Amino acid sequence: MFNLLPAFSLGVLLIVMEGRGSAVNTPASRPVTRKSKSYGRSCVEAPSYFWQTPGHLTVLKVPTSRGAAKSQIITNKVDPEHIALLVKNEWKLSYVTPLHHFRHTQLKSYAKHLSAFIVAEKQQGVAVEVGLDAGFKVTFTAVLGLAETDEDAETVFIQIQSKPVFAAAADAPKVVWRGWLTCVNGDPEYLRSLPPDFVSLPLFCTSGPESLTNLVKSWFERAFDCNFGSLALNSSTLNWLAALWTGCHPACNIRYLKLSWSLPTEPPLDVLYTVNPQDAWELWNSIHPQENTDDRIDIKDVQAFMSGMETHFFRHFKIHLSAGTLLKVSTALGSAHHDGKIKIGNSDYITTLLALLTECALLKMPT
Amino acid sequence: MALLSPYSKVPELNTATVLLVENEEELQNKLANAIVQHEKDFNVNVRLAKKLPLPVENKEARPRIDLIVFIVSLLSERSLQSAESSLSHLHSDCFLGKVCFLVTDARCGSHTQERLVSVRKLAASHHCPVICAEHRTADGVSAAALRLLNILQVSAGMTPMSTTALYLSTLTRCSLTSDLQEDYLQ
């Protein structure tokens, strides 16, 4: 390439130079290619697409195709009580970086420490003994069976119960906060590349008051040296969910496909586009025939599906939905909101949803 | 189909013409004002369009267009789709240094990153540069105008001793890192 720069200055133009000038040797033992970040790296580069795990370097790519949603009678593998807990609420999503020294065997002691921490934070300045029956009771449970592959760590479910202020002594404590950490079908190369002390449970779902969520997050950050961040679902994730859920229609009636858009007009226009499930399924079937023995769905199919819906809407209302943002997708199998809130409707397809969300969490996680 | 061609007309003395193509028509006006008001030693004509092809009626009266800028807003899919469909109305000679992509809202969170990658793939396949602009502040608009003016100066041939449009585009064209390129070449 040219080594001479033009004589006049151009301001800062974006040039992506690949490794020119930086002398980095890839060690022979590593199977993955190392991305060297030279100074010419443009700020256009999305930092969340490439990152380093502690001590190793891996590159995670956005997948362009994935397997179709498979129904699993999950109650075979997982305790139905646990499933009932997951299906009930609306969950707010965050991503977590890998946890250092997290042991699934020490859940009871973690529970004690967390409850002491919460009580201490609530009554700042007063010393609290670990193990005392304080106002908050925390339980950590391991939900076995949700993990898909060998590299996935087991899901951990956390509940915080407390007695309401004016309760009689005999009243049972109410659950005020729930949360769970999970990893379903995480990228196996990435998980294998983690150093042995780290456990990766990248998806964190919470339901309950924001103050308790922040307390739990800060306890985790102190105990396991990890970082939390909010996970927003971008439009391509929502598109995948719409397509995957529609594809499940013959096996399990999704009852409706609702898409909620927001158009940037003055004042903003909110569009709720409800589609009859049979029509949606016929559209999906014409794009990706079910007789296809190959189980993979390509992103082009998803894009064709969404653009079919958008063209139909345009034909009737002369509004281009692609000029706005897709905020929410919901079917009877669940709903997902752009801000990172999900609701699980049907436990049979829970693994597909969680696998997609785990992937989002892994991609969103910073270096 | 009449394609917009860069060399079919005779250039005017000390004048350069830039065409801003934007589907939303919001940044165009601000950018045009900033470009025209900026201090420079040559005359600049700014033409605005929503999409290509340009109307046939003004074909004779239109001056030679030296630089075509596609303004893409990353917050809407439609913006990118409209830019893509407009690209097919350009003569292939235009891609030798006369086309540039201007992208706005590239910093707005994770949902724009994938669109940014697709814009960069599009630009790389056509050998054009990509510039990011900040359109909500006056400073951002004037900075973008200055950069466009610099590129315009070269593509209009005002700086023959330093560089030419083809040379500049070869240097500044958007390139993809190798793993993105793998996806693209598949």
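Quantities reported herein were computed from a predicted structural model and do not represent experimental measurements.
Residue-environment remark: NZ (A:K328) stays at or below the threshold of 12 foreign heavy atoms within 6.0 Å. When the shell of 6.0 Å around NZ of B:K51 is examined, it contains 12 or fewer heavy atoms from other residues, nucleotides or ligands.
Between A:S235 atom OG and B:R115 atom CZ the span is 4.5 Å, to the nearest 0.5 Å. Here the OG atom belonging to B:S79 is positioned 12.0 Å from the NE2 atom belonging to A:H320, to the nearest 0.5 angstrom. Taken from OG in B:S76 to CG in A:L321, the straight-line distance is 11.5 Å, to the nearest 0.5 Å. Here CD of B:E77 is found 8.5 Å from CG of A:N239. Values are rounded to the nearest 0.5 Å.
Of the two parts of B:E24, neither the backbone nor the side chain holds a non-hydrogen atom closer than 4.5 Å to a non-hydrogen atom of chain A.
Summarising the geometry of A:T325 relative to B:L75, their closest heavy-atom pair is CG2-O, 4.1 Å, with the distance given to 0.1 Å.
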